[in-house]
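Any value given below was found using the heavy atoms of this structure, including those in side chains, with hydrogens, waters and symmetry copies removed.
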Amino acid sequence: PPVPKDDTEKGLQEAIDERDLEKLRRWLSEVLLQGWPEPKYSDLILKALETVAQLKDSTRSSLEQRLVGGNVGSLASARLVGLEAELLQRAEEVRGRDDVMS
């Protein structure tokens, strides 16, 4: 019989299926904090990274909309997908202005 999946495998697969960057970030961090991932996680980690790359355009678009609206919020997903430094810097500046005004 196949070996049952552990919570990490289930969590990574769920995050991939849902295309949820926050969950992907948490699960990838969890795996990497344990050291070099066990071989059984290799395929899932590659799929997770593929999913992150696929979500880059929608994340860029979302951040650009939030910049226009002036409510930048968290930049964790933008950093995870590797958005351009210039866009991240603009977002940091807008967020910094928001922090000063609060």
Side-chain angles (χ1 to χ4, degrees):
V3 177
K5 292 184 176 181
D6 63 25
D7 288 344
T8 301
E9 290 171 298
K10 290 176 189 171
L12 268 170
Q13 189 62 59
E14 181 179 295
I16 291 166
D17 293 344
E18 293 175 5
R19 300 176 63 82
D20 184 324
L21 277 173
E22 289 303 311
K23 283 184 182 179
L24 280 169
R25 185 176 57 80
R26 281 195 310 271
W27 282 109
L28 286 170
S29 295
E30 180 71 29
V31 169
L32 296 174
L33 284 173
Q34 297 171 17
W36 191 254
E38 293 179 46
K40 70 179 183 177
Y41 297 131
S42 295
D43 286 343
L44 276 174
I45 289 172
L46 290 174
K47 283 182 190 174
L49 293 173
E50 256 178 50
T51 303
V52 166
Q54 292 168 358
L55 294 172
K56 185 173 184 174
D57 288 339
S58 63
T59 303
R60 178 187 298 110
S61 175
S62 172
L63 180 56
E64 288 170 344
Q65 289 173 0
R66 290 184 302 175
L67 275 169
V68 169
N71 183 16
V72 174
S74 171
L75 296 176
S77 292
R79 287 189 185 98
L80 177 65
V81 299
L83 289 185
E84 297 79 12
E86 179 184 309
L87 182 57
L88 288 170
Q89 184 176 355
R90 279 191 5 232
E92 289 282 3
E93 289 169 1
V94 168
R95 198 166 70 172
R97 285 196 300 262
D98 290 346
D99 291 346
V100 170
M101 291 179 185
S102 336

Is a side-chain donor or acceptor of Ser29 paired with a backbone partner of Arg25 at a separation under 3.5 angstrom? yes

Listed by chain and number, what are the salt bridge (charged side-chain N to carboxylate O under 4.0 Å, His left out) partners of Asp43, not counting sequence neighbours? none

Please check this pair: side chain of Glu9 against backbone of Asp6, looking for a donor-acceptor N/O pair closer than 3.5 Å. yes

What distance separates Ile16 CD1 from Leu12 CG, expressed to the nearest 0.5 Å? 5.5 Å

Quick one: CG on Leu75 to OG1 on Thr59, what's the gap to the nearest 0.5 Å? 11.5 Å

What's the shortest heavy-atom distance between Trp27 and Ala15, and which atoms? CD1-CB, 4.5 Å

For the atom pair CZ (Arg26) and NZ (Lys23), what is the distance rounded to the nearest 0.5 Å? 7.0 Å

Measuring from atom CG of Leu24 to atom CD1 of Ile45, what distance do you get when rounded to the nearest 0.5 angstrom? 11.5 Å

Donor-acceptor pairs under 3.5 Å, side chain of residues 46-55 to any protein atom, not counting sequence neighbours: which ones?
unit_1 : atom_1 : unit_2 : atom_2 : d
Thr51  : OG1    : Lys47  : O      : 2.9
Gln54  : OE1    : Arg19  : NH1    : 2.9

Would you give the length of the straight line joining atom CG of Leu63 to atom CG of Leu83, rounded to the nearest 0.5 angstrom? 6.5 Å

Interatomic spacing from OH in Tyr41 to OG1 in Thr8 - rounded to 0.5 Å: 4.0 Å

Tell me which pairs pass salt bridge (charged side-chain N to carboxylate O under 4.0 Å, His left out) where either residue lies in residues 70-86, with sequence neighbours left out. Arg60-Glu84, Arg79-Glu92

Scanning both residues in full, the closest heavy-atom pair of Glu22 with Ser77 reads OE2-OG, 2.7 Å

